[in-house]
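To keep things clear, I will list the structure first and then write my remarks on it.
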Amino acid sequence: MPKASEIKKNAAIEINGEAYIVRDIERSVPQGRAGGSLYRMRMYNVATNGKIDETYKDSDMLTLADLIRRAVTFSYSDGDEYVFMDSEDYSSYSLNKDSIADELLFITENTPGLHVILVNDAPVALDLPAAVELEIVETDPSIKGGSATARTKPALLSTGLTVQVPEHISTGDRIKVNVEERKFTGRAESK
């Protein structure tokens, strides 16, 4: 049983016999408290998709629900349904656009390291690698010598996500983006 402080986004937690997927976690440290941090978690019921918000102390013990992670690749989208294919047995899993809206900002047809999370054999979430490589489709022209300064500029990526990049990066470059922090971490290695 993990402590609340050890729970990550897309974890499956069991509350009163029901499985919930953690979609968002906010950590706060109340002033003047001798105790530790508080973790406010937004969770969705796997069976009903009902939303609940719960707050836990960092030392609260939580029960993990049984979940299975399957390696997948993005296959295609059909309206609001996004279909992923299992990398081992080629079965397909459909996820609704609303349930994976944040994750869609980081994936393309060839993003490696994707996993579908299954609870009771139903796909409930998409788990991303720590960093992904995306192409810049629009940014201001690069400035020669810009790498010597710490100034940044916004860059629109192929998935619709906008991140700040150093001035020497230009349109068409492939970059690495930290998924959790939504930040530029470097140029992608050329293939």
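Quantities reported herein were computed from a predicted structural model and do not represent experimental measurements. Basis for what follows: all heavy atoms, side chains included, without hydrogens, waters or symmetry-related copies.
Annotation: side chain of Thr159 is not in contact with side chain of Leu104 (no heavy-atom distance under 4.5 Å). Looking only at side-chain heavy atoms (C-beta outward), Thr108 and Glu135 stay at 4.5 Å or farther from each other. Ser99 has its side chain within reach of Arg23: a pair of non-hydrogen atoms, C-beta onward, lies under 4.5 Å apart. Proximity of Ser170 to Ile136: side-chain heavy atoms (C-beta onward) are nowhere separated by under 4.5 Å. Within the 4.5 Å cutoff, the side chain of Leu95 has no heavy atoms near those of the Glu103 side chain. Under the 4.5 Å side-chain criterion, counting only non-hydrogen atoms from C-beta, Pro2 is not in contact with Met61. Counting heavy atoms from C-beta outward, Asp102 and Lys9 have side chains that approach closer than 4.5 Å. Residues Val116 and Leu126 meet the side-chain proximity criterion, which asks for heavy atoms closer than 4.5 Å.
Heavy atoms of other residues, nucleotides or ligands lying less than 6.0 angstrom from CG of Asp89 number more than 12. Annotation for Glu81: atom CD counts as buried by contact number, over 12 foreign heavy atoms lying within 6.0 Å.
Applying the salt bridge (Lys or Arg N to Asp or Glu O under 4.0 Å) rule to Asp86 yields the partners Arg70; only residues at least two apart in sequence or on another chain are considered.
The cluster map of Ile, Leu, Val, Met, Phe, Trp and Tyr, joined by side-chain heavy atoms under 4.5 Å apart, puts Phe184 and Leu128 in the same cluster. Under a hydrophobic clustering in which Ile, Leu, Val, Met, Phe, Trp and Tyr are joined whenever their side-chain heavy atoms come within less than 4.5 Å, directly or via other members, Val22 and Leu64 fall into the same cluster. Met43 and Leu67 are not part of a single hydrophobic cluster, where members link through side-chain heavy atoms under 4.5 Å apart. Put simply, Leu157 and Ile107 are part of the same group of oily side chains (I, L, V, M, F, W, Y) that touch within less than 4.5 Å, one to the next. Grouping the Ile, Leu, Val, Met, Phe, Trp and Tyr side chains by contacts below 4.5 angstrom, directly or via other members, places Met41 with Ile15.
Summarising the geometry of Leu62 relative to Ala4, their closest heavy-atom pair is CD1-CA, 4.0 Å, with the distance given to 0.1 Å. In this structure, Ile52 and Glu54 approach most closely via the heavy-atom pair CD1-CG, 3.9 Å. Shortest non-hydrogen contact noted between Pro129 and Val179 is O-CG2, 3.3 Å. Closest heavy-atom contact between Ser94 and Pro123: O-CG, 3.6 Å. A pairwise comparison of heavy atoms in Gly50 and Tyr20 identifies O-CE2, 4.4 Å as the closest pair. Considering every non-hydrogen atom in both Leu105 and Gly160, the closest pair reads CD2-C, 4.2 Å.
Pairs of residues two or more places apart, or lying in two chains, that qualify as ring-ring contact (aromatic ring centres under 6.0 Å, His included) and include a residue from residues 83-108 are Phe74-Phe84.
We find that Lys176 and Glu189 are joined by a salt bridge, their nearest charged nitrogen and carboxylate oxygen being less than 4.0 Å apart. A salt bridge does not link Asp127 to Lys8: none of the charged nitrogens lies less than 4.0 Å from a carboxylate oxygen. Using a 4.0 Å cut-off between a side-chain N of Lys or Arg and a carboxylate O of Asp or Glu, Asp53 and Arg40 qualify as a salt bridge.
A distance of 13.0 Å separates OH in Tyr82 from OG in Ser75, rounded to the nearest 0.5 Å. Rounding to the nearest 0.5 Å places CG of Asp78 at 12.5 Å from NZ of Lys97. Separating the CG atom in Asp173 from the CD atom in Glu133 is a distance of 12.0 Å, to the nearest 0.5 Å. Atom CD1 of residue Ile7 and atom CG of residue Asp58 lie 12.5 Å apart, to the nearest 0.5 angstrom.
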side-chain contact (heavy atoms from CB on, under 4.5 Å) between Val46 and Ile21, intermediate numbers included: CA-CA 7 Å; Val46 171; Ile21 288 288; 3.9 Å; yes

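A side-chain donor-acceptor contact under 3.5 Å links Thr171 to the backbone of Thr139. Side-chain atoms of Glu6 come within 3.5 Å of backbone atoms of Lys3 as a donor-acceptor pair (strictly under, hydrogens ignored). Lys153 contributes a side-chain N or O that, together with a main-chain N or O of Ile169, makes up a donor-acceptor pair within less than 3.5 Å.
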